[in-house]
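Notes for the one structure printed next.
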Amino acid sequence: MRRLTTAKAVVDHLGGLSKVAALTDTNINTAKNWPGRAGAFPATTYVVMSRALRRRRATADPRLWGMRGLE
């Protein structure tokens with residue numbers, strides 16, 4: 001399983017910003033801001049994005065969503 005460590009890697013692995021926006025039911029303009037944020041993604045998108053990553057044989061650091069204690 002591939003371990004992703006950056007927000008850009010997560011977005012790329014999930015197919016780009018438009019796919020991430022659709023996956024998270026978010027406006028693409030909002031999703032464009034996520035990779036540059038300190039916490040990267042909103043915590044509310046953690047479950048749906050983690051599941052999508054697992055289906056694509058990848059995981060990502062929970063801290064990209066501001067999660068603690070899941071490392």
* To do: Using the test side chain to side chain donor-acceptor pair (under 3.5 Å), find all partners of Lys19 that sit at least two apart in sequence or belong to another chain.
  => none
* Asked: When rounded to the nearest 0.5 angstrom, what distance separates CG in Asp61 from CG in Leu4?
  -> 10.0 Å
* Structure fact -> Sequence neighbours excluded, the answer for side chain to side chain donor-acceptor pair (under 3.5 Å) partners of Thr45 is Trp65
* Asked: Which value, rounded to the nearest 0.5 Å, describes the distance between His13 atom NE2 and Met49 atom CE?
  -> 11.5 Å
* Not counting sequence neighbours, which residues clear side chain to side chain contact (heavy atoms under 4.5 Å, CB included) with Ala43? List them please. => Met67
* To do: Using the rule that two of Ile, Leu, Val, Met, Phe, Trp, Tyr join whenever any of their side-chain heavy atoms come within less than 4.5 Å, decide whether Leu53 and Met1 are in one cluster.
  => no
* Approximate separation, where rounding is to 0.5 Å, of Phe41 CZ and Arg63 CZ -> 14.5 Å
* Residues in side chain to side chain contact (heavy atoms under 4.5 Å, CB included) contact with Thr30, at least two apart in sequence or another chain -> Thr26, Asn27, Trp34
* Who pairs with Ala52 by side chain to side chain contact (heavy atoms under 4.5 Å, CB included), at least two apart in sequence or on another chain? -> Leu14, Leu23, Arg55, Arg56
* Structure fact -> Test side-chain hydrogen bond (donor to acceptor under 3.5 Å, both in side chains), reference Lys8, set Thr5, Asp12, Thr6, output is Asp12
